**Student:** 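Please find one structure pasted underneath; my questions will follow.
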Amino acid sequence: MDDASRVIVAGAGLTGLTTACMLQRAGMDVLLLEQDHRPGGAIRTYREQGFVFEAGPNTGVLSCPEAVELIESLSPLCQLETALPEAGCRWVMKGGRFLALPSGLAGGLLTPLFTWKDKLRLLGEPFRKPGTDPDECVRDLVLRRMGASFYDYAVDPFISGIYAGDASKLVTRHALPRLYRLEQQYGSFIRGAIKKASEPRDERSLKATRQVFSVRGGLERLVDALAIRIGSDRLITGVASLQVRPGPEGFEVHGVRDGAECHWKSRFVVLTAGAHALPSMIPFVGSELMSGLSNVRYAPVAQVALGYDHWEGIPLRAFGGLVPSEEHRKVLGILFPSSFLRDRAPSGGALLSLFLGGMRHPELVNLSDQELVALCIEEVSNSLRSHSKPVLTRVFRHFHAIPQYEASSDLRFRAVREVQQTFPGLIIAGNLRDGIGMADRIRQGTEIAQEIKNLSASV
Ligand SMILES: Cc1cc2nc3c(=O)[nH]c(=O)nc-3n(C[C@H](O)[C@H](O)[C@H](O)COP(=O)(O)OP(=O)(O)OC[C@H]3O[C@@H](n4cnc5c(N)ncnc54)[C@H](O)[C@@H]3O)c2cc1C
């Protein structure tokens, strides 16, 4: 194959790996270039002292068929693991104690998380008028339709858990498009949820079960499986100073590897490295367009893994506990991976993952490892009543953890379209658009590979 049909994918996180794997499967000449010395990006699994713990995402949600199909297609190299039923129970802190988020009607009525006034007000939700501001933030939407206590003790902590974000800045249409559509299409969350549940679904869409998932042995097994399928000759790590230039027939891509200059040519270039990497990768894009492309703010996140060989605190029969802003604590939330995934801690022990920082307390990410671990142990002692010392403590920092889909998003999406139209064959991908979850990344990678396949077939 000649360079004229090659596709270069920059960034070997989940988006880049999926795109490259799908292109490779379609028989296309693909090269995946990564600056780090390993593929995976945010995804990384560690195995120490009988604990299996994640440095980045712990789990995803099977929100689209593409995620199920990709992982199943990688069998036996990796095996989809859906969470145990414990993951269905979510805790939220109120008054320093974790309480279960109610699921049914009776639980909803009796829970002390929400006020009686708001519970009664919820009866009127189906009859409230839909909003008219397309840029309404999540906080305003929820206050308008549901009430302050639902915002404080359900939505604010939920936004912390997903975006490590600030619900008064995230635009619902971009950050929670399903919720936005429920109101706009059906006039109400409750009516919309009921109607949607009764709508017929085809066999493929039934694969999107919305179950919590991981991969047996940790998410890095998914990365390893994708890397194997792509092939070691098509995945090049340790590429520094990557720069793309439009050439007479497509693009010229330059980088430095082991101190030596490298040059490649390609017909298509897919950039998945994140908005912060774009100015140095595509310097030929004018400053106005570039400021639109890279206008996204990222929540910084510190994740602390604590491993206990013997758990003595309250029984951890849940997915984890989220901490609302109203509680004025430093920790955003605690996951209990050993409660809902298999073989994550030695028998009788427990693995916890605590999250700090985010848009709420970005400064905390700069604390020392000792300070972060001390904060986490104090929180575990207060809210989970465990006073034993963890036998394993590890700290991971992500300065560009989660992009925030705020009011600037429209401008960014327009800039992406304009750059792609101006430089045909250049594709700006990654989690700066199309969703932040792992399933969103798999769907985007799958769709981009299909788009490239169609385009190259039509040339
Ligand atoms: C702490 C944390 C917790 C999360 N929790 C969840 C969760 O529970 N559920 C969920 O679904 N999602 C979660 N996410 C989000 C999800 O993990 C990410 O959206 C997803 O993994 C991003 O994949 P990506 O390939 O788009 O980007 P990345 O994983 O960031 O990959 C980008 C790649 O590009 C490379 N790169 C950067 N610059 C260059 C350059 N100049 N040249 C070449 N390569 C470059 C990077 O080294 C990296 O490998 C979490 C993310 C973090 C950080």
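All ligand and atom numbering here is 1-based and tracks the order in the structure. Keep in mind the model is a prediction, meaning the values are calculated, not measured.
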**Student:** Relative to the heavy atoms of G41, which atoms of ligand 1 are at a distance of less than 4.0 Å?
**Tutor:** 29 (O), 31 (O), 48 (C), 49 (O)
**Student:** Does the side chain of T18 pick up a donor-acceptor pair with the side chain of R441 at under 3.5 Å?
**Tutor:** no
**Student:** Any carboxylate oxygen within less than 4.0 angstrom of a Lys/Arg side-chain nitrogen, looking at K94 and D152?
**Tutor:** no
**Student:** Can you tell me the protein heavy atom closest to atom 43 (C) of ligand 1 and the distance?
**Tutor:** Q35 N, 3.4 Å
**Student:** Should the proximity of H398 to ligand 1, defined as any heavy atom under 4.0 Å, be assigned to the side chain, the backbone, both, or neither?
**Tutor:** side chain
**Student:** Report, in ascending order of atom number, the atoms of ligand 1 lying under 4.0 Å from any heavy atom of A401.
**Tutor:** 53 (C)
**Student:** Can you sort out which atoms of ligand 1 are near L14, meaning under 4.0 Å from one of its heavy atoms?
**Tutor:** 23 (O), 25 (O)
**Student:** Should one rank A12, A273, A10 by closest heavy-atom distance to atom 36 (N) of ligand 1, which comes out on top?
**Tutor:** A273
**Student:** Minimum distance, heavy atoms only, to atom 25 (O) of ligand 1: which one of I442, V223, T15 is it?
**Tutor:** T15
**Student:** When the aromatic ring centroids of H276 and F399 are compared, is their separation below 6.0 Å?
**Tutor:** no
**Student:** Using the ring centroid of each side chain, check whether F336 and W91 are separated by less than 6.0 Å.
**Tutor:** yes
**Student:** Enumerate the atoms of ligand 1 whose separation from the nearest heavy atom of M281 is less than 4.0 angstrom.
**Tutor:** 40 (C), 41 (N), 42 (N)
**Student:** By number and element, which atoms of ligand 1 are closer than 4.0 Å to a non-hydrogen atom of T272?
**Tutor:** 32 (C)
**Student:** Is the ring pair F396/F53 parallel, tilted or perpendicular, if the boundaries are 30 and 60 degrees?
**Tutor:** tilted
**Student:** Name the closest protein heavy atom to atom 6 (C) of ligand 1, giving the residue it belongs to and the distance to 0.1 Å.
**Tutor:** P57 CB, 3.4 Å
**Student:** Around atom 21 (O) of ligand 1, find the nearest protein heavy atom and jot down its residue, atom name and distance.
**Tutor:** A42 CB, 3.9 Å
**Student:** For atom 31 (O) of ligand 1, what is the closest protein heavy atom, and at what distance to 0.1 Å?
**Tutor:** G13 CA, 3.3 Å
**Student:** May I ask you to check whether S73 and R25 show a side-chain donor-acceptor distance below 3.5 Å?
**Tutor:** yes
**Student:** Where is the nearest protein heavy atom to atom 35 (C) of ligand 1: which residue, which atom, and how far?
**Tutor:** E34 OE1, 3.3 Å
**Student:** R139 vs Y151, test: side-chain contact (heavy atoms from CB on, under 4.5 Å). Steps then yes/no.
**Tutor:** CA-CA 7 Å; R139 178 175 181 273; Y151 173 72; 3.5 Å; yes
**Student:** Say whether G56 and ligand 1 are in contact under the criterion: heavy-atom distance to a ligand atom below 4.0 Å.
**Tutor:** yes
**Student:** Can you tell if the side chain of L113 reaches within under 4.5 Å of the side chain of P102, non-hydrogen atoms only?
**Tutor:** yes
**Student:** Decide whether Y153 and E327 meet the rule of one side-chain donor and one side-chain acceptor closer than 3.5 Å.
**Tutor:** yes
**Student:** Do Q444 and D440 get their side chains close enough for a donor-acceptor pair, meaning under 3.5 Å?
**Tutor:** no
**Student:** Please compare Q303, Q243, R441 and report which has the shortest non-hydrogen distance to atom 20 (C) of ligand 1.
**Tutor:** R441
**Student:** Counting heavy atoms only, which of V9, T59, I436, D434 is nearest atom 10 (C) of ligand 1?
**Tutor:** T59
